[in-house]
Amino acid sequence: MAEGRKIIAENRKVRFDYFIEETYECGVVLEGTEVKSVKNGNISFPDSFAEIQNGEVWLKNFHISEYTFSSIFNHDPDRPKKLLLHRDEIKKLTRKVDEKGYTLAPVEFYLVNGRLKVSLAVCKGKKQYDKRATIKDRDLNRELQREFSTKLRG
């Protein structure tokens, strides 16, 4: 784990529903009270995704709750957030997303030296049989861990 890095939230649903091809670290453009709300962990992103519009990457369906101790001039919780990437990275992402079956999804949100970062993944959707295989592998690993720990204890 890098110095000054604090994980706020992880999207485990993405790892189950998609094959992750590549990941990119992105900054997020936030308004005043959003920063404090994020640092408190008041975020929700069940079905969030990223979209490329006019050479810019936007994060949609990402909810940051209103900061409770602020004045009436609070932020809009459901507004699309702009992601900060280099131009050549955006071009790569555009080419990849234009292929059939690929999408951009946030994997985890974390703070690096007080700044919110998003790990954005280029994903390809899993079929139902792939998901069943994932569940089977997870159950087998859990069973092996149980056997191993019981043998260690005696």
Side-chain angles (χ1 to χ4, degrees), residues 1-135 137-139 141-142:
M1 204 155 89
E3 259 186 64
R5 181 177 167 169
K6 177 186 172 190
I7 295 176
I8 295 174
E10 187 178 359
N11 194 352
R12 288 182 282 175
K13 187 177 179 186
V14 168
R15 296 190 192 278
F16 179 72
D17 288 338
Y18 298 99
F19 292 114
I20 296 177
E21 306 270 324
E22 295 178 70
T23 59
Y24 293 90
E25 182 180 72
C26 311
V28 183
V29 177
L30 297 176
E31 292 179 355
T33 56
E34 287 179 330
V35 178
K36 288 188 176 189
S37 193
V38 164
K39 287 183 179 181
N40 286 340
N42 298 329
I43 62 174
S44 174
F45 52 99
D47 297 322
S48 63
F49 63 96
E51 193 173 64
I52 301 173
Q53 297 173 341
N54 300 328
E56 295 177 335
V57 183
W58 294 88
L59 188 63
K60 307 279 178 122
N61 292 346
F62 178 54
H63 179 85
I64 299 177
S65 300
E66 292 183 351
Y67 187 60
T68 54
F69 301 109
S70 69
S71 64
I72 58 169
F73 304 107
N74 221 329
H75 64 274
D76 178 23
D78 294 319
R79 75 173 181 86
K81 280 70 168 175
K82 184 178 178 181
L83 297 180
L84 303 172
L85 285 161
H86 291 284
R87 188 177 299 132
D88 54 336
E89 289 177 332
I90 294 173
K91 286 179 184 176
K92 275 187 201 174
L93 288 175
T94 304
R95 284 192 297 267
K96 200 68 167 172
V97 171
D98 286 343
E99 294 178 29
K100 187 178 179 194
Y102 284 97
T103 188
L104 297 173
V107 178
E108 67 180 1
F109 294 89
Y110 50 93
L111 291 170
V112 175
N113 298 327
R115 292 191 167 95
L116 179 68
K117 301 287 183 179
V118 176
S119 180
L120 190 68
V122 178
C123 307
K124 189 169 180 117
K126 285 185 180 179
K127 304 283 188 216
Q128 190 64 37
Y129 57 85
D130 292 327
K131 292 180 185 179
R132 282 194 291 266
T134 303
I135 292 170
D137 291 341
R138 188 172 55 205
D139 289 342
N141 286 337
R142 191 176 300 135

Trainee: Side-chain contact, heavy-atom cut-off 4.5 Å: Leu84 with Val29?
Mentor: yes
Trainee: Kindly state each residue pair satisfying salt bridge (Lys or Arg N to Asp or Glu O under 4.0 Å) with at least one member in residues 18-29, sequence neighbours excluded.
Mentor: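 Output for this query is empty, none listed.
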Trainee: Could you list the residues that satisfy side-chain contact (heavy atoms from CB on, under 4.5 Å) with Ala121, not counting sequence neighbours?
Mentor: Ile20, Thr23, Val107, Cys123
Trainee: Is it the case that more than 12 heavy atoms not belonging to Tyr24 sit under 6.0 Å from its OH atom?
Mentor: yes
Trainee: Is the shortest heavy-atom distance from the side chain of Phe16 to the side chain of Ile135 under 4.5 Å?
Mentor: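 A side-chain contact under 4.5 Å exists here.
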Trainee: Please report the interatomic distance CZ(Phe19) to OH(Tyr102), rounded to the nearest 0.5 Å.
Mentor: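 Rounded to the nearest 0.5 Å, the CZ-OH separation comes to 10.5 Å.
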Trainee: Tell me every residue that passes side-chain hydrogen bond (donor to acceptor under 3.5 Å, both in side chains) with Asp78, counting only those two or more places apart in sequence or in another chain.
Mentor: His63
Trainee: Which heavy-atom pair separates Pro106 from Val14 by the least distance, and what is that distance?
Mentor: O-CG2, 3.7 Å
Trainee: Within the supplied structure, the quantity of interest is the number of heavy atoms (other residues, nucleotides, ligands) at a distance under 6.0 Å from Arg115 CZ; does it exceed 12?
Mentor: no
Trainee: Could you go through Arg15 and Glu10, starting from their C-alpha distance and side-chain angles, then the distance that decides it, and tell me whether this counts as side chain to side chain contact (heavy atoms under 4.5 Å, CB included)?
Mentor: CA-CA 10 Å; Arg15 296 190 192 278; Glu10 187 178 359; 3.4 Å; yes
Trainee: Glu89: which residues meet the salt bridge (Lys or Arg N to Asp or Glu O under 4.0 Å) condition with it, sequence neighbours left out?
Mentor: none
Trainee: Kindly write out the residues that satisfy side-chain hydrogen bond (donor to acceptor under 3.5 Å, both in side chains) with Asp139, not counting sequence neighbours, or none if the list is empty.
Mentor: Arg142
Trainee: What distance separates Ile64 CD1 from Phe109 CZ, expressed to the nearest 0.5 Å?
Mentor: 8.0 Å
Trainee: Using salt bridge (charged side-chain N to carboxylate O under 4.0 Å, His left out) as the criterion, point out the one residue from Lys6, Arg12, Arg5 that pairs with Glu108.
Mentor: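 Checked Lys6, Arg12, Arg5 against Glu108; only one passes salt bridge (charged side-chain N to carboxylate O under 4.0 Å, His left out): Arg5.
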Trainee: Of all residues at least two apart in sequence or in a different chain, which pass the side-chain hydrogen bond (donor to acceptor under 3.5 Å, both in side chains) check with Arg79?
Mentor: Glu34
Trainee: Only pairs at least two apart or in different chains count here, so list each side-chain hydrogen bond (donor to acceptor under 3.5 Å, both in side chains) that has a residue in residues 116-127.
Mentor: Lys126-Thr134
Trainee: Quick one: are Ile8 and Tyr110 in side-chain contact, heavy atoms under 4.5 Å?
Mentor: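 A side-chain contact under 4.5 Å is absent here.
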Trainee: For Asp17, enumerate each residue passing the side-chain hydrogen bond (donor to acceptor under 3.5 Å, both in side chains) test, keeping only those at least two apart in sequence or located in another chain.
Mentor: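 Result, side-chain hydrogen bond (donor to acceptor under 3.5 Å, both in side chains) vs Asp17: Lys131.
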Trainee: Does anything in residues 78-99 form a ring pair (Phe, Tyr, Trp, His ring centres under 6.0 Å)? List the pairs, not counting sequence neighbours.
Mentor: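 Those involving residues 78-99 do not exist here.
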Trainee: For residues 92-101, dump all side-chain donor-acceptor pairs below 3.5 Å to protein atoms at least two apart in sequence or in another chain.
Mentor:
| unit_1 | atom_1 | unit_2 | atom_2 | d |
| --- | --- | --- | --- | --- |
| Thr94 | OG1 | Ile90 | O | 2.7 |

Trainee: Considering only distance and modelled atom types, tabulate donor-acceptor pairs under 3.5 Å from the side chains of residues 41-58, sequence neighbours left out.
Mentor:
| unit_1 | atom_1 | unit_2 | atom_2 | d |
| --- | --- | --- | --- | --- |
| Asp47 | OD1 | Lys13 | NZ | 3.3 |
| Glu51 | OE1 | Gln53 | NE2 | 2.7 |
| Glu51 | OE1 | Lys60 | NZ | 3.2 |
| Glu56 | OE1 | Trp58 | NE1 | 3.4 |
| Glu56 | OE2 | Lys82 | NZ | 3.1 |

